[in-house]
Amino acid sequence: QVQLVESGGGSVQAGGSLRLSCAASGIIFSMNYMAWYRQAPGQRRELVASITSDGSTNYADSVKDRFTISRDNGKNMVYLQMNSLKSEDAAVYYCSVRVSTIVRGRRGEYDYWGSGTQVTVSS
């Protein structure tokens, strides 16, 4: 069983910065896809940023040039640096990873989700 532990959420003023961290633990042969999602009240969950094992990144247009996703494969960590935060960025942020692991004796790729961390932005 792979487990994710998120940290770094909190309350900041508009224009401020925050860094989210996601630590994966368990039997992990490789982290093939890592992403951050967010969901605001009354809204559907949306993809904020993603990064593949080869370092290729993708960002939602709303956060491009402000957010940066990164990973440390050796530590099984993924980060989201958020700068110039806006009120529209307030949401619960979720870490999602696709890893090569073993489930019920079979090796394969499986997806896991963190429990979410709250980000509040005051204006």
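Values in this document were obtained by computation on a predicted structure and should not be read as measured data.
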Peer 1: For a quick test of reading the model, state the closest non-hydrogen atom pair linking S84 to S17 and the distance between them.
Peer 2: N-OG, 4.3 Å
Peer 1: To the nearest 0.5 Å, tell me how far F67 CZ sits from L18 CG.
Peer 2: 9.0 Å
Peer 1: For the pair R19 (side chain) and G8 (backbone), establish whether a donor and an acceptor sit closer than 3.5 Å, ignoring hydrogens and angles.
Peer 2: no
Peer 1: Using 4.0 Å as the upper bound for N to carboxylate O, is an ion pair formed by D89 and K86?
Peer 2: no
Peer 1: Do V78 and Y112 share a hydrophobic cluster (ILVMFWY, side-chain heavy atoms under 4.5 Å, transitive)?
Peer 2: yes
Peer 1: Partners of E46 by salt bridge (charged side-chain N to carboxylate O under 4.0 Å, His left out), sequence neighbours excluded?
Peer 2: R38
Peer 1: Nearest 0.5 Å please: distance from the CE atom of M77 over to the CE atom of M31.
Peer 2: 9.0 Å
Peer 1: If you define the side chain from C-beta out and look only at heavy atoms, does anything of S25 sit under 4.5 Å from N76?
Peer 2: no
Peer 1: How about S56 and D54: does a side-chain donor come under 3.5 Å of a side-chain acceptor?
Peer 2: no
Peer 1: Would a hydrophobic clustering, with Ile, Leu, Val, Met, Phe, Trp and Tyr connected at side-chain separations under 4.5 Å, put V99 with I102?
Peer 2: no
Peer 1: Is it the case that one hydrophobic cluster holds both V92 and V119, taking links as side-chain heavy atoms less than 4.5 Å apart, direct or via other members?
Peer 2: no
Peer 1: What are the two closest non-hydrogen atoms of A90 and A40, and how far apart are they?
Peer 2: O-CB, 3.7 Å
Peer 1: Nearest 0.5 Å please: distance from the OG1 atom of T101 over to the CD atom of Q1.
Peer 2: 8.5 Å
Peer 1: Only pairs at least two apart or in different chains count here, so list each ring-ring contact (aromatic ring centres under 6.0 Å, His included) that has a residue in residues 4-36.
Peer 2: none
Peer 1: Assess whether side chain to side chain contact (heavy atoms under 4.5 Å, CB included) is satisfied between S100 and N32, documenting all intermediate values.
Peer 2: CA-CA 7 Å; S100 176; N32 302 325; 4.2 Å; yes
Peer 1: Find the distance between CD1 (I51) and CD1 (I69) and round it off to the nearest 0.5 Å.
Peer 2: 6.0 Å
Peer 1: Look at the aromatic rings of Y94 and W113 and report parallel, tilted or perpendicular, splitting at 30° and 60°.
Peer 2: perpendicular
Peer 1: Treat each ILVMFWY residue as a node, draw an edge where side-chain heavy atoms are under 4.5 Å apart, and state whether Y59 and V97 are in one component.
Peer 2: yes
Peer 1: Taking all atoms of both residues into account, what is the closest heavy-atom pair of R71 and M34, and its distance?
Peer 2: CB-SD, 3.6 Å
Peer 1: Can you tell me how far apart OH (Y79) and OG1 (T68) are? Round to the nearest 0.5 Å.
Peer 2: 14.0 Å
Peer 1: What pairs meet the disulfide bond (SG atoms under 2.5 Å apart) rule with one or both residues in residues 89-123, with sequence neighbours excluded?
Peer 2: C22-C95
Peer 1: Taking G116's backbone N and O only, do any of them form a donor-acceptor pair with E6's side chain (distance below 3.5 Å, no angle check)?
Peer 2: yes
Peer 1: So, do L80 and Y93 sit near enough that their side-chain heavy atoms are less than 4.5 Å apart?
Peer 2: yes
Peer 1: Starting at CG of N83, measure out to CG of D65 and round the result to the nearest 0.5 Å.
Peer 2: 11.0 Å
Peer 1: If the test is side-chain contact (heavy atoms from CB on, under 4.5 Å), which one of V48, V63, L20, V12 qualifies with M82?
Peer 2: L20
Peer 1: Give a yes or no on whether R98 atom CZ has more than 12 heavy-atom contacts from other residues, nucleotides or ligands under 6.0 Å away.
Peer 2: no
Peer 1: Take a 6.0 Å sphere around CG of L47 and say whether it holds more than 12 heavy atoms from other residues, nucleotides or ligands.
Peer 2: yes
